[in-house]
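The next block holds one structure in the form of structure tokens; read it before the comments.
In what follows, chains carry the letters A, B, and so on, assigned in the order in which the sequence lines appear, proteins first and then strands, with residues in each chain numbered from 1. What you see below is based on every heavy atom in this structure, not just the backbone, and it leaves out hydrogens, waters and symmetry mates.
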Amino acid sequence: MPVQVSTVVDAEESQYQLVFRMDNVKSIYHLLKSINFQPRATFFATDSGLKVSVESAKCCQANAFIQTEIFQEYTLQPTDESVSFSLDLNVLLECLDIFGDANSNSSPTALMLRYQGYGHPIKLLLEEEDVVTECSIRTLEVEELANFDFTSDDVINKIILKSEPLKEIFNAIEPSTDIVEFNLYSNEPIVKLRTVGYMGEVEIDISKDSDMIELFQCESDSTSKYKYCHFKKALKALAISQKVSIRTDDGGLLCMQFMIKNDCGHICFIEFHCLPVVDDD
Amino acid sequence: MKFRGKMTDAGAVRQLTNLASTLAKMKAASVTLRLSKDLSTFSMCEEAGSGVICWCALEQGQLFTELTLEGATAEHNQICMHLSPALVASALTSSKNALGVANSVKLKLTNKKSPCLTFQIDLPSIGLNPRTCIHDVPITLIPRSEWPLHEHPEVPIPNISIRVSSVKKVRTVIDRLRKLSSKLHIRASSNGDLCLRTETDAGTFATFFQHMPVIQSEDTNDGNVQTVSLWIDAKKIAQLLASDQLNTEYLTLGLIDDRMLHVILTQNDMHLHYLIAAISL
């Protein structure tokens, strides 16, 4: 007999390290889908919420932060060790979208996730109207993720832009592009975006005074180059965000932070780090 | 052999169009149409030479207001042919234009360099001149000796048969489960429970429907709930449901223990039958 989401007894929850409930699976689905550039995701559960990390080739990493306010219920048992697990994100996304509601306006799918601890699978209960889906997804060993040490102290440039116009700019980038370059100048009020590929080069200048730039802080001239194949992994997160902050440090490390507001008005962040291309001069 | 039929009911034309579109989407290489005094039966074999797995019989009285049929012989008063459902669908789709539906659609067996089923569509027009659109769909007549190959099999009475009204939901769930695994487990119980389940290395996934109307079940003297289940190729059922262009009102799932699943898609008084063999793990 299937267990109804709404009738799970609280006492049962004490055997689980992590239990959370959401009335509508839509927002978490879209957040996770936007960072699905690798099949493997690592979940970290803390008192302030969930952090989901996806990494590619140790060169770029996305972290989605989902605060406890987003959940209808979020219970984390106090433990000595951190609660974390890895799993196949493609499989999780198929489960979250089992009733096909992520992209439609039909009745919402409710979600409950329970995790008993190391070695145990993730147990999901999804309910839409009176139909229930139970999933048990195998967890994987948590592998060490690259620590992109991005501290505010080393930040040399920071710009905050509206996502919509930036999305249009990036959508126009030729898919065969090799390098994306950001140029910021302390004495010139523009952001110069340059793309280089075998088809040619494109330069786009964004004026500091344009509507799309909300903040422009440039302490010293900088040119940062990134491989487009890594950089474009951030574009899905850009597509669902309202604003983005782009910062680079003195080493050229890129940190993009996307602010995403869901239907209920709650705000989540996705952070994207990308290592620069080093010129062999 | 002679065949002439005139369709004047827009609903009948729509029904036939939807059926042809559905069969076309199933990507059947060839579909058989059998015309008799009472019925127009479309049927499909899985592979050339193997038995019929899909069929739909429409009553001539519902389709045609006028009908003339002279079959192969007086004794065997039927005409049997192979044709492409995609061509039938595109011929019938042209029966709608900006001014509304056709005044009439006439079907005729003709010989234009080779045998054809000719669709003559009288379209409405604003001026005095009526417009006629003629489609010749090439056919291959099937000799009488091969007719038995294209008869649909006697389907055994299912152990359990249940009716599913939430067609869209079942289609979505089966589509997601198909992406997770190539094999689908279907279990139906005489108390109206339906469970769709699959298992892979990544985990187990099961969706539970309750309170489904039970059309047919075996009497058990002890009053216990009777359960029947089988494994089928997930791709086959997913493709059947994805091809559905009938505006299906409900599905009937007949489970024959360990042997096959008999699916019936019903729209009004039209029933499309599909047999899916059970597979062993």
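- For Asn171(A), the CG atom sits in a packed shell: over 12 heavy atoms of surrounding residues, nucleotides or ligands are nearer than 6.0 Å.
- Here the NZ atom belonging to Lys123(A) is positioned 9.0 Å from the OG1 atom belonging to Thr204(B), to the nearest 0.5 angstrom.
- Within a 6.0 Å radius of CD in Glu249(B), other residues, nucleotides and ligands contribute more than 12 heavy atoms.
- Using a 4.5 Å cut-off between heavy atoms, Asp97(A) contacts chain B through both its backbone and its side chain.
- Counting non-hydrogen atoms of neighbouring residues, nucleotides and ligands closer than 6.0 angstrom, the CZ atom of Arg14(B) reaches no more than 12 such neighbours.
- Within the model, atoms SG of Cys195(B) and CD of Glu134(A) stand 8.5 Å from one another, a figure rounded to the nearest 0.5 Å.
- Tested against Phe205(B), the residues Val91(A), Ile98(A), Thr133(A) include a single side-chain contact (heavy atoms from CB on, under 4.5 Å) partner, Val91(A).
- Within 6.0 Å of the NZ atom in Lys235(B), the count of heavy atoms belonging to other residues, nucleotides or ligands does not exceed 12.
- Environment of CG in Asp269(B): crowded, with over 12 heavy atoms of neighbouring residues, nucleotides or ligands closer than 6.0 Å.
- At distances below 3.5 Å, not a single donor-acceptor pair connects side-chain atoms of Arg176(B) with backbone N or O atoms of Phe99(A).
- Of the listed residues (Leu180(B), Leu194(B), Leu196(B), Thr200(B)), the one with the most heavy-atom contacts under 4.5 Å to chain A is Leu180(B).
- Shown are Val132(A), Leu126(A), Val131(A); of these, the side-chain contact (heavy atoms from CB on, under 4.5 Å) with Thr207(B) is made only by Val131(A).
- Within a 6.0 Å sphere centred on CD1 of Ile157(B), heavy atoms belonging to other residues, nucleotides or ligands number 12 at most.
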